[in-house]
Amino acid sequence: AQTVTQSQPEMSVQEAETVTLSCTYDTSENNYYLFWYKQPPSRQMILVIRQEAYKQQNATENRFSVNFQKAAKSFSLKISDSQLGDTAMYFCAFMKPRNTGNQFYFGTGTSLTVIP
Amino acid sequence: DSGVTQTPKHLITATGQRVTLRCSPRSGDLSVYWYQQSLDQGLQFLIQYYNGEERAKGNILERFSAQQFPDLHSELNLSSLELGDSALYFCASSSGLAGVGETQYFGPGTRLLVL
């Protein structure tokens, strides 16, 4: 079974600063996809960023970027210029494509608080 | 707005009762996933359907069941409810194109409170 580990249950960052959330995963697969989802206090799950394992280039979405280290099975999320609206729970997710049905696995989440 | 809709938004019921949660996937998506999130907990995968057929099962209790209808909407049935079933239930949908990369899009969730 695949596992996704988020070792930081809680983090905080000053507004306008940069923070990095860590995620590691365990797989023997070569083809897979990785995601970060954000869950603000409203508890809506919002896709933040996606990374294809076959791509060497790290994905970026505005202030959000990832550091994807395939050999180390690491997929960290960097948030630059943190804003109060970034306060949320962040979930790392792994997706394994399968002809019989793609399978998704989620980490336990990191609660991020942006301090004004 | 993800395009995934869930009804009702909130549900309050008593122990021993049965409820049905409904989910409509994004237009064109064939796959539906159900997750349970208890307070301050991560996402627990319950079950997945693809084009009307059950595809994968996670930590779903026997008291829970689901189905996906020909119009692709899905329902999650929770019976003999217990206090511990109080949680936020998410539905997510994806294209369901097996073997290729796809993204899950989540609905707003249904908050279930069992008293």
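We name chains A, B, ... by the order of the sequence lines, and we start the count at 1 in each one. Worth knowing before you read on, the calculation uses all heavy atoms, side chains too, and leaves out hydrogens, waters and symmetry mates.
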Check: What are the residues of residues 9-18 of chain B, in order of number, with any heavy atom under 4.5 angstrom from a heavy atom of chain A?
Finding: none
Checklist line | chain A-proximal positions within residues 59-69 of chain B [heavy-atom distance under 4.5 Å] | finding: none
Margin query: How about NZ on A:K70, more than 12 heavy atoms from neighbouring residues, nucleotides or ligands closer than 6.0 Å, or not?
Written below: yes
Checklist line | Atom pair CG/CZ of A:L47 and B:F106 - distance to nearest 0.5 Å | finding: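 These two atoms lie 9.5 Å from each other.
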Check: Just how far is it from atom OH of B:Y35 to atom CE of A:M45, taken to the nearest 0.5 Å?
Finding: 8.0 Å
Notebook entry, point to check: Do A:Q39 and B:F90 have side chains that get closer than 4.5 Å, going by heavy atoms?
Noted result: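 Touching, per the 4.5 Å side-chain cut-off.
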Check: Given A:F106 and B:F45, is the side-chain contact (heavy atoms from CB on, under 4.5 Å) satisfied, shown in steps?
Finding: CA-CA 9 Å; A:F106 283 81; B:F45 168 64; over 6 Å; no
Note to self: If you apply the rule side-chain contact (heavy atoms from CB on, under 4.5 Å), what do you find for A:F91 with B:Q37, and how did you get there?
What the structure shows: CA-CA 12 Å; A:F91 292 96; B:Q37 186 181 36; 3.5 Å; yes
Notebook entry, point to check: Is B:Q104 reaching over with its side chain to a backbone N or O of A:M95, donor-acceptor style, under 3.5 angstrom?
Noted result: no
Check: Is there a path from B:L30 to B:L76 through hydrophobic residues (I, L, V, M, F, W, Y) whose side chains come within less than 4.5 Å of each other?
Finding: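 The answer is no; the residues belong to distinct hydrophobic clusters.
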Notebook entry, point to check: Can B:W34 be reached from B:L88 by stepping across I, L, V, M, F, W or Y side chains whose heavy atoms are under 4.5 Å apart?
Noted result: no
Next item on the list: Identify which part of A:S42 has an atom lying under 4.5 Å from any heavy atom of chain B, answering side chain, backbone, both or neither.
Entry: backbone
Margin query: On a heavy-atom basis, which atom in B:T103 and which in A:Y37 lie closest, and how many Å separate them?
Written below: CG2-OH, 3.8 Å
